[in-house]
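To keep things clear, I will list the structure first and then write my remarks on it.
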Amino acid sequence: MCGIIGYAGHRPAVTVILEGLKRLEYRGYDSAGMALIQNRELNVVRAKGKIRELEDKLAFQDPYHATTGIGHTRWATHGLPSEENAHPHPDQEHKLALVHNGIIENHTRLKRELQQLGCSFRSDTDTEVLSHLISQELKRLGDVPLAMSAALQKVEGSYAVALISLNGEGQIWAARHSSPLILGLGQGENFVASDIPAFLPYTREVVFLEDDEIVQITPSSWQVLDGSSLEHRNKEQVHISWDVQSAQKSGYRHFMLKEIMEQPQVVRDCLAGRTDSSRAATLLPELDHLPLPRRLHIVACGTSYHAGLWARNIFQEWAEIPVEVEIASEFRYNRRIIEEGDLILAVSQSGETADTLAGLRQARQLGHRVLGLCNVLGSSIAREADGVVYTQAGPEISVASTKAMCSQMTAMLLLALHWGRMKGVLEESVCRDVLRGLEDLPAILEAELEGMQQTAQRLARKYAWCRSCFFLGRGDHFPLALEGALKLKEISYIHAEGYAAGEMKHGPIALVDPEFPVFALAPDNALQSKLLSNLQEVRTRGGPVICLAPPGLDQDMDDIWEIPAIRDPLNGFLFLSALQLFAYEMAVYLGKDVDQPRNLAKSVTVE
Ligand code: M6R
């Protein structure tokens with residue numbers, strides 16, 4: 001989705017903003033722009049395409065000495081990707097310019113009203129409405145915060161906006177409603193951004209803004225105001241523990257590969273301080289104020305949804321808690337029965353996914369309790385839920401989510417153990433066994449990942465020709481098959497479907513022929529023999545089969561990819577890594593833009 005950075009400081013703003021925009025590239029975008037005020041003049045430079053196009057345009061301008069400015073990467077929602085539709089959008093008189101993330105839902109009506117007042121529009125965006133609206137209010141009220149407050153109260157929808165105006169050189173004004181915006185506090189410089197990596201090289205001191213707050217930054221000061229009363233608000237300053245290194249590629253060719261390879265550490269970090277295997281205990285003080293759930297409703301999108309599906313059986317088996325797992329965009333609109341004592345578990349890496357956030361809000365409005373399982377500290381879901389368990393995976397930059405799922409699986413295992421022990425239905429020995437298994441897992445992953453990557457590379461060369469394929473699994477491995485298919489399609493653009501293997505003969509097997517490979521997950525468990533029968537049916541119809549299995553599988557397959565045998569459900573982590581690496585190597589072999597696949601954004605903050 002779109003990215004925002006605003007800078008007020010002592011350095012050349014062009015450089016700081018360009019760097020910040022590059023660090024936001026992972027969110028996905030199709031145009032970029034920047035606005036600066038210098039010598040009482042507002043300069044706006046915009047370009048369609050990548051940030052380098054913007055850099056090229058800036059190179060032809062007079063060098064800017066401005067030390068205050070705002071920048072934006074746009075992911076088109078209203079109006080095609082073009083220079084005219086790129087942000088910042090100036091007002092008619094070129095006295096202010098603003099950048100915006102989100103969607104102004106009542107923009108058609110507001111635009112009509114503004115046109116009646118004589119405003120002419122130069123873009124097809126909903127955002128331009130905001131610059132004219134604030135400009136009108138500024139003429140009426142004479143003061144930026146008053147104008148922003150009055151204008152934003154007329155707006156329906158979601159926004160994070162940052163604005164510069166000739167009325168206040170050296171100042172940036174910003175506000176948010178249902179779209180993230182964070183303040184970065186430096187020495188003689190301050191920042192606003194839609195995401196922390198944008199200013200991470202300069203400061204790790206941040207303030208999370210709440211909905212309907214307005215903020216002003218100058219190089220030496222910052223203040224947060226209530227969006228309607230404009231009264232001063234006291235805000236807590238938070239220190240972020242990530243460093244620049246964790247938001248950079250560190251020698252890897254792509255963020256996706258780096259993030260897959262980080263998974264051993266991700267498991268360690270998620271467990272840190274939360275387990276005591278000698279006492280078979282889990283330490284999750286975040287849950288202390290929440291009663292034991294009677295039933296769990298897991299709500300999530302994409303990869304986070306697959307993590308929820310994977311954990312369903314585990315919660316049911318270890319904690320005897322019935323679990324429903326629903327895609328957030330469906331959860332919002334389906335009629336369902338949620339009873340007293342039920343808990344909604346909103347799973348989201350970013351903590352900003354619009355549908356998951358809306359599901360959370362709806363559930364809370366109806367009086368239900370919500371627990372967030374998030375990665376991003378201070379994100380909307382984390383703040384609005386009744387409690388939050390952080391997955392502690394560090395920044396995930398690649399659009400394709402990998403280490404986030406690994407951390408969500410780890411965290412949900414801990415939750416299931418915790419509730420199982422609390423409820424008294426999980427034997428101490430099982431809990432101890434799993435905790436020891438989890439503690440050993442990082443070393444096993446570390447030992448395997450490199451070899452896995454080599455196998456993935458070899459298989460990618462062999463199968464990169466395919467146009468369609470199936471991923472098959474059973475039981476806990478069916479959600480992993482769904483995830484394997486999602487990863488492959490989103491970064492290599494090869495059509496892939498995940499299926500529960502037993503479903504093949506109910507229709508999908510009709511598609512199988514020698515050009516339709518099947519990737520199967522065959523752990524050594526009670527379902528293995530059933531799965532192998534399903535695979536023989538595929539082979540009989542000429543379908544090539546790649547079978548991911550522990551050593552010793554004595555079967556005739558086109559390719560057997562051996563992975564170490566470890567207990568269910570922990571073996572899921574090895575299968576997941578193999579699937580991620582296979583998708584990664586396929587995309588690399590096919591020359592795709594791995595970290596920023598077409599049409600996708602990292603954080604889906606619109607419905
Ligand atoms: O930030 P979230 O976990 O809420 O994001 C959910 C999905 O948008 C995300 O997992 C998406 O499906 C990824 N592109 C998958 O790789």
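Note that ligands are numbered from 1 as they come in the structure, with each ligand's atoms numbered from 1 the same way.
Ranking the protein heavy atoms by distance from atom 8 (O) of ligand 1 puts V604 CG2, 4.0 Å first. Of all protein heavy atoms, the one closest to atom 3 (O) of ligand 1 is S304 OG, 2.6 Å. Among all non-hydrogen protein atoms, the one lying nearest atom 2 (P) of ligand 1 is T353 OG1, 3.2 Å. For atom 10 (O) of ligand 1, the closest non-hydrogen atom of the protein is T303 N, 3.0 Å. Nearest protein heavy-atom contact of atom 6 (C) of ligand 1 is C301 O, 3.3 Å.
Contact atoms of ligand 1 toward S350: 1 (O), 2 (P), 4 (O) (distance under 4.0 Å to a heavy atom of the residue). In summary, the atoms of ligand 1 found under 4.0 Å from a heavy atom of S401, numbered by their order in the structure, are 15 (C), 16 (O). Short contacts between ligand 1 and V399, defined as distances under 4.0 Å to a heavy atom of the residue, involve ligand atoms 13 (C), 14 (N), 16 (O). Every atom of ligand 1 with a heavy atom of E490 under 4.0 Å away is listed here by number and element: 13 (C), 14 (N), 15 (C), 16 (O). The distance from ligand 1 to the heavy atoms of A400 drops below 4.0 Å at these ligand atoms: 16 (O).
Geometrically, ligand 1 and G302 share no nitrogen or oxygen pair separated by less than 3.5 Å. Between Q349 and ligand 1, an N or O atom pair is found at a separation short of 3.5 Å. Residue K602 has no nitrogen or oxygen atom sitting less than 3.5 Å from a nitrogen or oxygen atom of ligand 1, judged on distance alone. Between K487 and ligand 1, at least one pair of N/O atoms sits closer than 3.5 Å.
Using cut-offs of 30° and 60° for the angle between ring planes, the F575 and H477 rings count as perpendicular.
Electrostatic pairing of D386 and R364 counts as a salt bridge here, judged by a charged N lying under 4.0 Å from a carboxylate O. A salt bridge does not link E213 to R176: none of the charged nitrogens lies less than 4.0 Å from a carboxylate oxygen.
Residues meeting the side-chain contact (heavy atoms from CB on, under 4.5 Å) test with S379, sequence neighbours left out: E352, C374, V376, A382. Annotation: side-chain contact (heavy atoms from CB on, under 4.5 Å) contacts of H177 (sequence neighbours excluded): Y159, D211, D212.
Side-chain contact between M504 and F470 is present, with at least one heavy-atom pair separated by less than 4.5 Å.
For R294, the CZ atom is densely surrounded, since the number of other residues' heavy atoms within 6.0 Å is greater than 12.
Side-chain atoms of H239 and E205 include a donor-acceptor pair closer than 3.5 Å. Side-chain contact, E19 with Y202: a donor N or O sits under 3.5 Å from an acceptor N or O.
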